[in-house]
Amino acid sequence: MQIGRRAARCSSSATTRSNAVENMKPCKSHSPTIDGLVCGGEPLNLDDLLSSFPARKIQILELLHHFGPLNSPMLPIFVYGGASTGKTSVTLQILRHLNRPFVYSSCRTCYSARILFESILNQLLLHTKNEANGYLSIKRCEKPSDFVNMIREALVDAMNNLKGRPGKSKLGESAGRANGRMIYLVFDNLELIQEWDKNSNLLPFLFNLYDVLKMPDIGLIFISSYSPDAYYTNMGYLDPIPLYFPDYTEDDIRQVFLRNQANPKLYSCFFDVVLRPFCRVTRRLDELSTAFSSLFKKYCEPLSDPMVAPNEEMKRRLFGHVQSHIAPALNEVFQVASQPSLEANRETQGRGSIKRPGSCGNLDEMEFHMSTSGKYLLISAFLASRNPATLDASLFDPKGDSDSRKRKRKASGKSLENKEIAEQDLLMKGPGTFPLERLLAIFQCITSVAEGFLEEEKQGDDLSRVEAGSILPMSDVLLQLSSLCNANFIIKGGSCPLEGTTRYHSTVSEELALKVARSLKFPLSKYLYR
């Protein structure tokens, strides 16, 4: 039932996103009403809202300014920023604070246009899927033109139900009661539409929905991890108002984690040890929360009383105890977010599959088939996008002695600082572009390197052995490149005006690249610039 799902979603967004929304059981004791479009729970005043989200005061006040007074029209808003920066949580908690009715749809769970349209209509028409109706939607909707007509009718019905209500309820009645006649449509994870809607017709339609409906009592909120530039098209529509959520700084992360700690002094000492090295790797709160949870338990093992205030001697003892566990935790931090989904896949596939004894699960298994040459070409594109072109000569040195030369020279503090700044700049810029000639050169190098590693491991399998310089004819390599471009693993960009050649860039995540490299027994981390 939408009431239970909405209450769970809003309560979980105050801390971290949770799957409790999907696991909540429907409440059969109440019939759905228009108040089901409002977050349940206790009333949330502005002070509690600001204290719940440290370092997000500017964004909260700006969002409140865009929402405006009761029943005031609102232009579409585009909330964007990196992953785990509080975009969804802040938006939903503001709607809870204002008691405004809204419809929330995530493009992660609504993975097609039909599911997205029907999810919105089900919430507006207060329809609940259950056994009695065969778990069917109230209306079948596949086309955008049908969705416009259906949502207009649904919005009119919902607004008629909201009319006649007092502008503001009494204090005891305000919680869970819809205020005003405005209805807000929240589209979360908007960037995923580009993955399951290859024609890219749905995104311009959603951005143009405000002009198509021409209803002042509707507000549209788009939430995305990509900037508005990633959605630019030549189709004319009113650009939504952008609102940026920047990444958390080290001080912001400290405020977030210290907010609900039973012993802030002890946790602050723990943060003095682990915060800086982890922030160099990631600043996502979900990854840091999982990593810090296990590390803090290790940190507190020597203590008999977890509420004690540590002195200098105790700080040194605790640091010596946890120091050896920091490096392994840093190596695992990128796998933190994928562990729950892997375990869920094991549970769903466990009945129909046979586990091999001694196996470590599906961590190294790929979900699709790809030829050996395609895998090497995919790795080549990933390295070309992530590594600066100036380092190709040193990283792919055929003599293999570039690493030994680097170890002989002890880097100074200034050079280490410059390298760290360069790494951060490279990470912020994202995957770079590269010409075809560079891609083929890296492909030639790593296939020749792979032969040496296969000989060292004595595989002896002639079918899987890669011969240097002759893995595939050039025509077949170009055919593999075309296939990867059609599968959106590699994107073909525009031509460089100075070089006059077409440039490419890789869209493959590091997790997938590591999986492909492990399937080939290729040492990807040795050739990846950090």
Is there a side-chain contact between [X] and [Y] (heavy atoms, below 4.5 Å)?
{"X": "F78", "Y": "D239", "value": "no"}
{"X": "L528", "Y": "N387", "value": "yes"}
{"X": "I253", "Y": "C279", "value": "yes"}
{"X": "L203", "Y": "F222", "value": "no"}
{"X": "L98", "Y": "N179", "value": "no"}
{"X": "E510", "Y": "F382", "value": "yes"}
{"X": "P101", "Y": "V38", "value": "yes"}
{"X": "L520", "Y": "I379", "value": "yes"}

Residues L185, I151; criterion side-chain contact (heavy atoms from CB on, under 4.5 Å); working and verdict: CA-CA 11 Å; L185 304 184; I151 194 175; 3.7 Å; yes
So how far is it from [X] [atom1] to [Y] [atom2], rounded to the nearest 0.5 Å?
{"X": "R284", "Y": "T85", "atom1": "CZ", "atom2": "OG1", "result": "9.5 Å"}
{"X": "S137", "Y": "I115", "atom1": "OG", "atom2": "CD1", "result": "8.5 Å"}
{"X": "C269", "Y": "N311", "atom1": "SG", "atom2": "CG", "result": "9.5 Å"}
{"X": "E62", "Y": "I94", "atom1": "CD", "atom2": "CD1", "result": "10.0 Å"}
{"X": "I221", "Y": "L190", "atom1": "CD1", "atom2": "CG", "result": "12.5 Å"}
{"X": "F187", "Y": "I193", "atom1": "CZ", "atom2": "CD1", "result": "8.0 Å"}

Before you tell me yes or no, could you show the steps for V308 and L266 under side-chain contact (heavy atoms from CB on, under 4.5 Å), namely the whole-Å CA-CA distance, both residues' side-chain angles and the distance that decides it to 0.1 Å? CA-CA 7 Å; V308 67; L266 179 63; 5.6 Å; no
Identify the two heavy atoms, one from [X] and one from [Y], that lie closest to each other, and give their separation to 0.1 Å.
{"X": "L295", "Y": "A329", "value": "CD1-CB, 3.9 Å"}
{"X": "N263", "Y": "M307", "value": "ND2-C, 3.1 Å"}
{"X": "F67", "Y": "M74", "value": "CD2-SD, 3.9 Å"}
{"X": "Y248", "Y": "P54", "value": "CE2-O, 3.9 Å"}
{"X": "T282", "Y": "E287", "value": "OG1-OE1, 2.8 Å"}
{"X": "A55", "Y": "Q255", "value": "N-OE1, 4.4 Å"}

Q194 and Y226: CA distance, side-chain angles, deciding distance, side-chain contact (heavy atoms from CB on, under 4.5 Å) verdict: CA-CA 11 Å; Q194 294 179 334; Y226 296 169; 3.5 Å; yes
Could you check L64 against L46 for side-chain contact (heavy atoms from CB on, under 4.5 Å), going step by step and ending with a plain yes or no? CA-CA 10 Å; L64 288 172; L46 182 58; 3.6 Å; yes
Donor-acceptor pair, [X] side chain versus [Y] backbone, under 3.5 Å?
{"X": "S51", "Y": "D48", "value": "yes"}
{"X": "S268", "Y": "P264", "value": "no"}
{"X": "H127", "Y": "L121", "value": "no"}
{"X": "S385", "Y": "S506", "value": "yes"}
{"X": "T507", "Y": "N488", "value": "yes"}
{"X": "Q59", "Y": "F245", "value": "no"}
{"X": "S289", "Y": "D286", "value": "no"}

Neighbour count >12 (heavy atoms, 6.0 Å) for atom CD1, I58: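 Not more than 12 within 6.0 Å, no.
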Please determine whether the number of non-hydrogen atoms from other residues, nucleotides or ligands lying under 6.0 Å from atom CZ of F296 exceeds 12.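 Counting neighbours around CZ of F296, more than 12 heavy atoms of other residues, nucleotides or ligands fall under 6.0 Å, so yes.
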Here's one to test your reading of the geometry: is the NZ or CZ of R259 within 45 degrees of the ring axis of F53 and under 6.0 Å from its centre?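 No, R259 does not lie over the aromatic ring of F53.
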I'd like to know if E313 pairs up with R316 as an ion pair, taking the criterion as any Lys NZ or Arg NE/NH1/NH2 lying under 4.0 Å from an Asp or Glu carboxylate oxygen.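 Judged by the 4.0 Å cut-off on N to carboxylate O distance, E313 and R316 do not form a salt bridge.
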Parallel, tilted or perpendicular: ring planes of Y80 versus Y244, cut at 30 and 60 degrees: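 Y80 vs Y244 ring planes: tilted.
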Relative to each other, are the rings of Y231 and F207 parallel, tilted or perpendicular (30° and 60° limits)?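 Perpendicular: the ring planes of Y231 and F207 meet at over 60°.
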Among F257, Y299, Y267, which residue meets the ring-ring contact (aromatic ring centres under 6.0 Å, His included) test with F292?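 For F292, the ring-ring contact (aromatic ring centres under 6.0 Å, His included) check succeeds only for F257.
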Hydrogens and angles aside, do D252 and T249 bring a side-chain donor and acceptor to less than 3.5 Å of each other?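 Distance-only check passes for D252 and T249.
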